[in-house]
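A quick note: this is a predicted structure, and the numbers were derived from the prediction, not measured. Basis for what follows: all heavy atoms, side chains included, without hydrogens, waters or symmetry-related copies.
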Amino acid sequence: MKTELEKNTEYYQEQIDAMGNDHIGSSAITPLRDDAFELSDIEKIASIKKDVAHIMQTLGLDMTDDSLKGTPTRVAKMFVNEIFGGLHPDRKPKASTFDNNYKYGEMLVEKNIVVYSTCEHHLLPIVGRAHVAYISNGTVVGLSKMNRIVDYYAKRPQVQERLTMQIVQELQEALGTKDVACVIDAKHLCVNSRGIRDIESSTVTSEFGGKFKETETRREFLDYIKLDTNF
């Protein structure tokens, strides 16, 4: 006769197995509670530190060991200040825009932007490259701001589909144009290091807005990101 705990464990494991590694996302909006920022960063670090220590203790680790005793603090600071720092709206980069005085009317592509993010289903790394492009309608944005926008939205628990959409939508708003595109090619350690443990596969997502929905413009963008950039 199975205990209630065993039955519950089996049920939840079945739900997890059914989901597998599917990256299910409800929308382009990161799911946050209304009270997400009521606690200060210092308060969050203190709370997470206790939680991490509890997890490590539950796993049977000796928390008095010199190598382990500082881990809860390090992890808590990393979560709040680094890998999930993009959750806080105060850290959102200001996408300074300028008039397109030199009348450049062709596509601008920023390729091979490094992506470091975290899968929200297993809290394991997503590592890859983003390629972003836009066609100016009279406004341009500083090149580094494109990298910063990618980095900001990557620094939160993510699914790659949502990340791709958020980058495009942010640039569309900043530039006042729908003519923005993004392609991301990334490895997910939830696939590479656990479960199926396929170290060779990567995931490609894309979001095309405005003129980039047209076959010719989209093909031009995809051809640009294939160019060799080994200088």
Side-chain angles (χ1 to χ4, degrees), residues 19-32 82-87 91-93 95 107-135 141-175 177-196 198-215 217-230:
M19 178 183 290
N21 292 310
D22 291 343
H23 284 203
I24 301 168
S26 57
S27 72
I29 300 173
T30 300
L32 285 168
E82 296 179 73
I83 65 173
F84 299 141
L87 288 171
R91 294 191 176 96
K92 184 176 178 179
M107 186 184 307
L108 186 146
V109 181
E110 184 81 358
K111 52 183 287 196
N112 292 327
I113 301 171
V114 174
V115 173
Y116 283 113
S117 192
T118 304
C119 166
E120 69 182 34
H121 297 139
H122 295 93
L123 298 186
L124 286 171
I126 300 171
V127 182
R129 301 277 181 172
H131 313 285
V132 183
Y134 72 89
I135 300 171
V141 67
L143 294 179
S144 67
K145 293 300 187 293
M146 298 169 74
N147 300 61
R148 293 182 190 280
I149 287 170
V150 171
D151 187 59
Y152 172 70
Y153 284 104
K155 285 183 175 176
R156 53 179 66 182
Q158 275 289 13
V159 293
Q160 189 172 321
E161 299 92 328
R162 183 196 298 136
L163 173 59
T164 311
M165 295 167 67
Q166 287 175 332
I167 292 166
V168 168
Q169 291 175 7
E170 181 64 28
L171 279 169
Q172 286 176 330
E173 182 177 349
L175 291 163
T177 178
K178 291 292 184 184
D179 302 335
V180 179
C182 178
V183 171
I184 297 178
D185 184 4
K187 284 183 173 289
H188 294 241
L189 265 69
C190 59
V191 175
N192 302 150
S193 68
R194 58 157 300 281
I196 191 64
D198 182 349
I199 64 171
E200 296 298 330
S201 65
S202 68
T203 300
V204 179
T205 51
S206 63
E207 179 75 3
F208 300 105
K211 293 179 182 177
F212 287 93
K213 292 184 180 293
E214 300 171 5
T215 302
T217 306
R218 183 187 310 176
R219 174 50 54 195
E220 181 183 352
F221 169 52
L222 295 176
D223 285 344
Y224 278 140
I225 67 179
K226 292 177 185 176
L227 292 174
D228 187 2
T229 53
N230 293 320

Subject >> Lys178 atom NZ: more than 12 heavy-atom contacts under 6.0 Å >> reply: no
**OP:** Check for a donor-acceptor pair, side chain of Arg156 on one end and backbone N or O of Gly86 on the other, with a separation under 3.5 Å.
**Re:** yes
Original post:
Is a donor on one side and an acceptor on the other found under 3.5 Å between the side chain of Gln172 and the backbone of Gly209?
Top reply: no
Subject >> Heavy-atom donor-acceptor pair, Thr217 side chain to Phe212 backbone, under 3.5 Å >> reply: no
Subject >> Inter-residue atom distance Ser201.OG - Asn192.CG, 0.5 Å rounding >> reply: 5.5 Å
**OP:** Would you check, one step at a time, whether the test side chain to side chain contact (heavy atoms under 4.5 Å, CB included) holds for Tyr134 with Asp179?
**Re:** CA-CA 6 Å; Tyr134 72 89; Asp179 302 335; 5.9 Å; no
**OP:** Any chance you could measure Leu163, atom CG, to Ile126, atom CD1, to the nearest 0.5 Å?
**Re:** 7.5 Å
Subject >> Ser206 OG to Leu222 CG distance, which is reported to the nearest 0.5 Å >> reply: 8.0 Å
Original post:
Can Gln158 and Gln166 be counted as having a side-chain donor-acceptor contact under 3.5 angstrom?
Top reply: yes
Subject >> Any donor-acceptor N or O pair under 3.5 Å, side chains Asp185, Thr203 >> reply: no
Subject >> Rounded distance (nearest 0.5 Å) linking atom CE of Met107 with atom OH of Tyr224 >> reply: 6.0 Å
**OP:** Count the heavy atoms belonging to other residues, nucleotides or ligands that lie under 6.0 Å from CZ of Arg129, then report whether that count exceeds 12.
**Re:** yes
Subject >> Student check: side-chain heavy atoms of Val183 and Phe208 closer than 4.5 Å >> reply: yes
**OP:** Decide side chain to side chain contact (heavy atoms under 4.5 Å, CB included) for Leu108 and Leu143; before the verdict, give the C-alpha distance in whole Å, the side-chain angles of both, and the deciding distance to 0.1 Å.
**Re:** CA-CA 10 Å; Leu108 186 146; Leu143 294 179; 3.8 Å; yes
**OP:** Could you list the residues that satisfy side chain to side chain contact (heavy atoms under 4.5 Å, CB included) with Thr118, not counting sequence neighbours?
**Re:** Ile83, Phe84, Leu123
**OP:** Check the pair Val159 / His121 against side chain to side chain contact (heavy atoms under 4.5 Å, CB included), numbers first and verdict last.
**Re:** CA-CA 8 Å; Val159 293; His121 297 139; 3.8 Å; yes
Original post:
Should we count CG of Leu227 as having more than 12 external heavy atoms under 6.0 Å?
Top reply: yes
Subject >> Derivation of the side chain to side chain contact (heavy atoms under 4.5 Å, CB included) call for Glu214 and Arg218 >> reply: CA-CA 6 Å; Glu214 300 171 5; Arg218 183 187 310 176; over 6 Å; no
Original post:
Considering residues, nucleotides and ligands other than Lys187, do more than 12 of their heavy atoms fall under 6.0 Å from its NZ?
Top reply: yes
Original post:
Just by modelled atom types, is the Leu87 backbone N or O under 3.5 Å from a matching donor or acceptor in the Tyr153 side chain?
Top reply: no
Original post:
Side chains of His131 and Glu110: donor-acceptor distance under 3.5 Å anywhere?
Top reply: no
**OP:** Would you confirm whether Arg162, through its side chain, and Ala28, through its main-chain N or O, come within 3.5 Å as a donor-acceptor pair?
**Re:** no
Original post:
Taking atom CG of Asp151 and atom OG of Ser144, what is their separation to the nearest 0.5 Å?
Top reply: 11.5 Å
Subject >> Main-chain N/O of Cys190 paired with Arg194 side-chain donor or acceptor, under 3.5 Å >> reply: yes
Original post:
Do Glu161 and Thr205 have side-chain atoms, one donor and one acceptor, less than 3.5 Å apart?
Top reply: no
Original post:
How long is the gap from CG on Leu171 to CD on Glu207, to the nearest 0.5 Å?
Top reply: 12.0 Å
